[in-house]
Amino acid sequence: MLARLDDFQPSAIQEDDARRSLRVFFDSADARDRACEALRRTFDAGQLSIDPVDVPDEDWAGRSQAGLRAIVVGRLVVTPPWDRAAAGARSDAMTIVIQPSMGFGTGHHASTRLCLLALQRLDLSGRRVLDLGTGSGILTIAAVRLGASHAVGLDIDPDALACARENLERNGISSTVDLQLRDFREISRLSAPVVVANLTGGLLTRWAGQLTTLVESDGYLIASGFTERETLVLPALEAGLSLVRLERESEWLCAILHRL
Ligand code: SAH
């Protein structure tokens, strides 16, 4: 069902294990209705019940994120602008300031933190990094802080890119990162020695072949955004890459894979 939902670009998914239900958010009623249609065609009514609802869009992202505080992830500190002081002793060189807004990626989600740690496990000095689904731009900023010579961040969401652009300026690295409004499933002639993909289990599984081609030989893919229950992801990625390391935080996983 998650794989099917991916085609309609949900903006957030909340799982409720107790009720065995999912709450799936979309940017528009139209996207939601098309996703409902597709699910109804795929599953019969006995397997799945769907309740479309409208929720007010009153800057929910801003409100829900107003209480966020700085966090430390390995050598990096990620902080909202209002908590810089608490980030304290760390040097600016290892601090990433992110204004929480519509772009996913404040460092407060396990998958983002796992990617931040994975980037620290690789030697990025002087290398190019390609970030698929850049959201707030957090991983491109981290890559540059960790020594990458250049980063490219792609996203299909113009709001996320606007937010990423502001974050790059806020961190003083606009000239080393190139942001592009592009779908990673449609790109060719673009590759990097280090590719990061914090996406969803469905996208990683279905597009594993494409992800592999984006990694240059002897390069690495960092893949996250999937949980241990999504058992198809690793076998799909391991068809073209070899698993070097698997990290987890609660149920979230992050794989570092190498291309020979
Ligand atoms: N890299 C950030 C954000 C991850 S959220 C972090 O690690 O926190 C995933 C992002 O991928 C979202 O911003 C979403 O818009 C984007 N995305 C989803 N499908 C995509 C696709 N097919 N091509 C490019 N970006 C995509």
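Counting starts at 1 for both ligands and their atoms, following the listed order. Residue numbers start at 1 and run along the sequence shown.
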Open item on the list: I'd like to check whether Asp183 has a polar contact with ligand 1, where a contact means an N/O of the residue lying under 3.5 Å from an N/O of the ligand.
Closed with: yes
TODO: Could you check which of Ile222, Leu161, Ile156 puts a non-hydrogen atom nearest to atom 20 (C) of ligand 1?
DONE: Ile156
- [ ] Could you pull out all residues at least two apart from His109 that satisfy side chain to side chain contact (heavy atoms under 4.5 Å, CB included)?
- [x] Phe104, Ser111, Thr112, Trp252
Task: Closest approach of any protein heavy atom to atom 18 (C) of ligand 1, naming residue and atom - done: Gln9 OE1, 3.7 Å
Task: Under-4.0 Å salt bridge between Arg206 and Asp7 - done: yes
Open item on the list: Can you confirm, on distance only, whether ligand 1 has an N/O atom lying under 3.5 Å from any N/O atom belonging to Gly133?
Closed with: yes
Open item on the list: Return the closest protein heavy atom for atom 5 (S) of ligand 1 as residue, atom name and distance.
Closed with: Phe104 CD2, 3.4 Å
- [ ] Write out the residue and atom name of the closest protein heavy atom to atom 21 (C) of ligand 1, then the distance separating them to 0.1 Å.
- [x] Phe184 CD2, 3.5 Å
TODO: Using only heavy-atom distances, determine whether the side chains of Arg4 and Thr42 contain a donor-acceptor pair under 3.5 Å.
DONE: yes
TODO: Select the closest option to atom 7 (O) of ligand 1 among Asp6, Ile138, Thr134, Asn198, judged by heavy-atom distance.
DONE: Asn198
TODO: Considering the heavy atoms of Leu199, write down every atom of ligand 1 situated less than 4.0 Å from one of them.
DONE: 11 (O)
Open item on the list: Give me the nearest non-hydrogen protein atom to atom 24 (C) of ligand 1 as residue plus atom name, then the distance to 0.1 Å.
Closed with: Arg182 O, 3.5 Å
TODO: Quick one: look up the protein heavy atom nearest atom 12 (C) of ligand 1 and list residue, atom name and how far away it is.
DONE: Asp155 OD2, 3.5 Å
TODO: Find all atoms of ligand 1 within a distance of less than 4.0 Å from any non-hydrogen atom belonging to Leu203, and give their numbers and elements.
DONE: 19 (N)
- [ ] Looking only at protein heavy atoms, identify the closest one to atom 8 (O) of ligand 1 and say how far it is in Å.
- [x] Thr112 OG1, 2.7 Å
TODO: From the options Arg127, Arg259, Arg128, select the one residue that forms a side chain to side chain donor-acceptor pair (under 3.5 Å) with Glu216.
DONE: Arg128
Open item on the list: Among residues at least two apart in sequence or on other chains, which ones pass ring pair (Phe, Tyr, Trp, His ring centres under 6.0 Å) with His108?
Closed with: none
Task: Ion pair Arg165/Glu169, N-O distance below 4.0 Å - done: no
Open item on the list: Can a donor-acceptor pair be found, under 3.5 Å and without considering hydrogens, that links the side chain of Gln120 to the backbone of Leu116?
Closed with: yes
